[in-house]
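Notes to accompany the following structure.
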Amino acid sequence: MATYSTTSRGADPRPLIPALGRYYGFTSDLAYVIVRVTAGLMLIPHGWPKVTVMGASGVAAMLTRYGLEPAVPLAYVIMVVETIGGIMLALGLFTRPVAVLAVIEFLVIIFVAHWPRGYGAGGGGIEFPLMWGLLLLAVALRGGGPYSLDRKIGVEV
């Protein structure tokens with residue numbers, strides 16, 4: 001657990017309410033858990049219909065429309081990243097590799113599917129997938145954190 005202390009980046013800001021200073025380190029770690037778990041759990045509903053309704057052939061057809069080949073193997077990768085990967089992110093298991101795979105997926109989503117539509121989410125632009133990609137990049141950079149299975153098993157890639 002992080003502590004409220006001076007770091008190599010300089011002193012932390014002085015708490016407005018000094019009595020709360022001792023809680024800031026804990027709440028910082030807790031805030032990250034909320035971000036990581038939310039990202040993982042919110043990714044699952046995007047993958048679940050691909051697994052249960054569309055199937056690999058439906059996802060592959062969508063990929064083919066965008067000119068992405070080999071579509072069938074990529075469809076399986078997408079379905080795994082968005083379902084099993086979402087669970088793994090939420091649990092903090094192999095957090096960095098899974099988050100990197102998701103970042104790569106969202107880079108493709110941004111530049112292939114959404115870029116031609118501009119920025120705004122209302123018009124199908126890059127706004128929403130860009131937010132997802134940046135959130136997942138933050139998770140990839142931070143790793144599982146102190147409240148993760150990565151930390152529990154003592155291995156973090």
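Along the sequence shown, the residues carry numbers beginning at 1.
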Nearest heavy-atom neighbours spanning Ala39 and Leu135: CB-CD2, 3.9 Å
Side-chain donor-acceptor contacts of residues 104-114 below 3.5 Å, not counting sequence neighbours, with atom names and distances?
{"from": "His114", "atom 1": "ND1", "to": "Gly124", "atom 2": "O", "distance (Å)": "2.7"}
{"from": "His114", "atom 1": "ND1", "to": "Gly125", "atom 2": "O", "distance (Å)": "3.2"}

Side chain proximity check, Met62 to Tyr66, heavy atoms < 4.5 angstrom: yes
With Arg117 via salt bridge (charged side-chain N to carboxylate O under 4.0 Å, His left out) - residues at least two apart: none
Members besides Val77 in its Ile/Leu/Val/Met/Phe/Trp/Tyr cluster (side-chain heavy atoms under 4.5 Å): Val81, Leu101
From Leu136 atom CG to Leu141 atom CG, the distance as rounded to the nearest 0.5 Å: 11.0 Å
CG on Leu89 to CE on Met42, rounded to 0.5 Å: 13.5 Å
Shortest non-hydrogen contact between Arg142 and Arg96, atoms and distance: O-NH2, 3.2 Å
Minimum heavy-atom distance Pro15-Gly21, with the two atoms named: CG-CA, 3.8 Å
Distance-minimising heavy-atom pair for Leu130 and Tyr119: CD2-CE1, 4.3 Å
Flag, side chain of Arg36 to backbone of Tyr147, donor-acceptor distance under 3.5 Å: yes
Phe94 atom CZ, over 12 foreign heavy atoms within 6.0 Å: no
Nearest-0.5 Å distance, OG1 of residue Thr95 to CG of residue Asp150: 3.5 Å
Hphob cluster co-occupancy, Val59 + Val80, side-chain heavy atoms under 4.5 angstrom: no
In one Ile/Leu/Val/Met/Phe/Trp/Tyr side-chain cluster, 4.5 Å: Met79, Ile44: no
Hphob cluster co-occupancy, Ile87 + Leu93, side-chain heavy atoms under 4.5 angstrom: yes
From CD (Glu82) to CD1 (Ile84), nearest 0.5 Å: 12.0 Å
Linked, directly or transitively: Val157 and Val98 (ILVMFWY side chains, under 4.5 Å): no
Pairwise distance OG1(Thr27) to CZ(Arg22) - rounded to 0.5 angstrom: 12.5 Å
From Tyr24 atom OH to Ile17 atom CD1, the distance as rounded to the nearest 0.5 Å: 6.0 Å
Connected via hydrophobic side-chain network under 4.5 Å: Ile78 and Trp132: no
Nearest heavy atoms of Ala99 and Val139, plus distance in Å: CB-CG1, 4.0 Å
Residue pair Ala71 / Ala60: nearest heavy atoms and the distance that separates them: CB-O, 3.4 Å
Identified side-chain contact (heavy atoms from CB on, under 4.5 Å) partner of Glu69 from the options Leu63, Thr64, Leu74: Thr64
